[in-house]
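A, B, ... follow the sequence lines: proteins, then strands. Residue 1 opens every chain.
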Protein chains: 2
Amino acid sequence: MDEIDELLSIRAAELYYEENKTQDEIGQALNLTRWKVGRLLAQAKHRGFIRIEILHPRARRLPIERRVREERGLADAIVVSSAGVSSAEELQARTAQAAADYLTALRPVPRTLGVSWGRTLFEISQHLRNGWATGVNVVQMNGGVSLNRRAGTAAATAVAISQKGGGQATLLPSPAILERLETKHAIESDRVVAGVIELARSADAYLFSAGAADHNSVHVESGYLAPGDVDLLVAKGAVGDVVGRYIDSDGNIVDPALDARTVGLTLDEIRNAPLAIAVVAGPAKHAVADAVVRSRLCTVLVTDESTALHLLDG
Amino acid sequence: MDEIDELLSIRAAELYYEENKTQDEIGQALNLTRWKVGRLLAQAKHRGFIRIEILHPRARRLPIERRVREERGLADAIVVSSAGVSSAEELQARTAQAAADYLTALRPVPRTLGVSWGRTLFEISQHLRNGWATGVNVVQMNGGVSLNRRAGTAAATAVAISQKGGGQATLLPSPAILERLETKHAIESDRVVAGVIELARSADAYLFSAGAADHNSVHVESGYLAPGDVDLLVAKGAVGDVVGRYIDSDGNIVDPALDARTVGLTLDEIRNAPLAIAVVAGPAKHAVADAVVRSRLCTVLVTDESTALHLLDG
DNA sequence: CCCCGTGGTGCTCATGTGAGCAGGATCACC
DNA sequence: GGTGATCCTGCTCACATGAGCACCACGGGG
């Protein structure tokens with residue numbers, strides 16, 4: 001196609017998309033047959049001169065979803081549009097909303113849902129509507145009775161999800177990470193704790209997020225890890241954590257000793273789940289998202305557009 | 001329309017615009033009749049959820065052009081799209097290109113074209129193609145033999161436009177602004193100068209830009225005005241200049257004494273022209289653009305999207 | 001309890017649009 | 001200069017879509 005046709009296709013596109021003229025009218029205006037106009041418009045689309053965006057907080061990017069699903073081998077992928085997003089909070093909110101929508105539409109409805117906790121999960125719980133399901137029981141997948149002012153967030157998340165879904169919440173009454181291995185063994189052998197973990201293992205589905213390996217992590221905020229600990233993990237290749245377990249870009253445990261002191265389901269238990277929904281969004285989490293998907297920690301991914309595109313670059 | 005319909009319209013739009021499904025297929029997917037889908041899509045468009053942009057350096061915004069024409073009473077308006085523009089230079093280039101296109105397509109072809117000079121005009125001259133017209137003579141509208149390194153730019157502009165248009169250039173051999181009123185009178189009574197100005201008065205069309213009243217002005221750069229002079233003009237209400245004459249937001253001369261020492265066509269002579277094409281783009285020139293249009297200094301305006309929208313706010 | 005206005009639904013029909021095809025111009029190559 | 005391949009053009013036809021209309025459900029008022 002030469003330059004003059006390119007220009008014509010732009011003129012035609014202006015008249016077609018901005019002025020709502022018919023191809024026939026455009027033909028008269030530009031002295032072309034209506035078929036030529038049709039071809040010019042097709043060219044303009046094909047060459048990427050026409051961008052169509054759906055501007056809405058609930059808008060998704062289906063073509064990207066499909067590519068993520070196919071190229072990264074996921075059972076499902078939900079990619080929220082970032083068109084018109086002004087703040088990181090809004091992106092987070094959109095993603096949480098999408099995750100809530102996904103849960104709501106999920107069939108068959110899980111009877112028992114294992115959940116992690118954190119900012120993302122809390123927000124999802126807030127976006128779920130009352131009655132999003134009937135009789136969904138929720139069980140925590142990992143320890144996390146917080147040590148600080150945010151205490152109760154983890155519990156509130158699980159409780160909100162279960163209550164809105166007409167079911168019961170089962171909390172895991174244990175810290176996320178224990179200081180001594182013996183204590184961890186001790187707590188795990190507690191009948192209640194062991195029972196909860198057993199229940200979590202039997203869940204029909206898991207819903208969890210992933211954290212970036214940086215100083216803003218919930219683990220630092222909650223006091224389970226010091227900023228220095230995180231630096232050390234990063235030095236060993238950590239890109240983030242899933243249910244409190246830090247992984248490198250291949251999804252392998254970075255620090256086995258630390259991992260052994262972490263209470264909750266193991267990554268392999270999650271990997272073997274038939275339905276594991278990871279909700280990971282935001283530029284800071286590009287690397288973890290990639291690790292999660294690459295190491296098959298999830299079967300379903302809910303994320304934002306830019307993270308999804310990052311996954312497709314690899 | 002309630003919220004559930006809004007959501008449905010977004011889902012429908014995704015399938016329609018991103019997945020290229022037919023309304024019928026969408027209907028099957030969402031359990032709707034195909035007419036309902038059509039209505040939902042119409043709603044989505046109507047509510048502004050669908051944004052269609054034409055991404056191309058030559059793209060124009062016809063609806064904005066029309067509004068500018070009608071609401072500001074211009075014979076014509078050319079508004080270049082700023083979709084996908086990364087730098088101020090690119091915006092400038094797009095506008096210059098559009099002005100060149102407009103000139104090229106102009107009918108009837110002007111026999112004599114009066115031009116001003118400056119960065120914008122120079123760029124337009126560069127974007128014109130050889131043979132854009134046959135036999136267009138160009139005459140300078142205002143003085144401007146530059147005092148500094150840029151000397152010759154004004155002349156080069158007029159010469160390029162005329163040569164590419166197969167005609168002759170007539171230069172106005174005079175400074176833009178003289179220091180003493182007597183010198184100005186003297187130079188204007190020079191037979192050659194008077195002849196050129198007379199020729200300029202008789203031009204079929206004028207093509208000029210406008211400068212912002214700031215320290216980056218060509219007048220400061222060329223040494224006709226000191227930065228302090230500009231500050232003074234701004235203090236008196238100046239928003240910019242047209243053919244070297246500084247105007248306030250109503251298009252009135254800000255400093256009659258300075259204006260009297262300025263060589264070239266007067267603003268009223270331009271106002272009386274049947275065809276006066278102003279090319280004004282860039283955020284810095286929003287105010288001048290408004291003054292130019294408000295005071296009817298031009299019959300045709302070539303500008304960029306954001307400047308045009310600024311004009312429509314008033 | 002019925003009646004009528006309102007808004008939404010599913011339809012018919014006319015129009016707009018894309019796929020596919022035959023003919024003809026263009027150009028390289030023989 | 002002929003010949004074949006290739007691309008483009010203008011067309012037919014089938015399909016997709018929007019306008020307009022009759023109908024029905026709902027709800028308020030008589």
Report, as a single string ordered 5' to 3', how protein heavy atoms within less than 4.0 Å touch nucleotides 14-26 of chain C: B base, S sugar-phosphate only, - not at all.
--SBS--------
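- Atom-to-atom, CG of N20(A) to P of dA19(D) comes out at 10 Å; the value is rounded to the nearest Å.
- Across all non-hydrogen atoms, the minimal contact from A169(B) to S162(B) is CB-OG, 3.3 Å.
- A salt bridge links D76(B) to R69(B): at least one charged side-chain nitrogen sits closer than 4.0 Å to a carboxylate oxygen.
- Listed by first then second residue, pairs satisfying ring pair (Phe, Tyr, Trp, His ring centres under 6.0 Å) with a partner in residues 53-85 of chain A read H56(A)-F49(B), not counting sequence neighbours.
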Could you go step by step and tell me if Q28(A) and D24(A) meet the side-chain hydrogen bond (donor to acceptor under 3.5 Å, both in side chains) rule?
CA-CA 6 Å; Q28(A) 289 177 295; D24(A) 209 359; over 6 Å; no
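- Phosphate contact (OP1/OP2 of dG10(C), side-chain N/O of T33(B), threshold under 4.0 Å): present.
- Distance L32(A) CG to dC11(D) P: 14 Å, rounded to the nearest Å.
- More than 12 non-hydrogen atoms from other residues, nucleotides or ligands lie less than 6.0 angstrom from CZ of R72(B).
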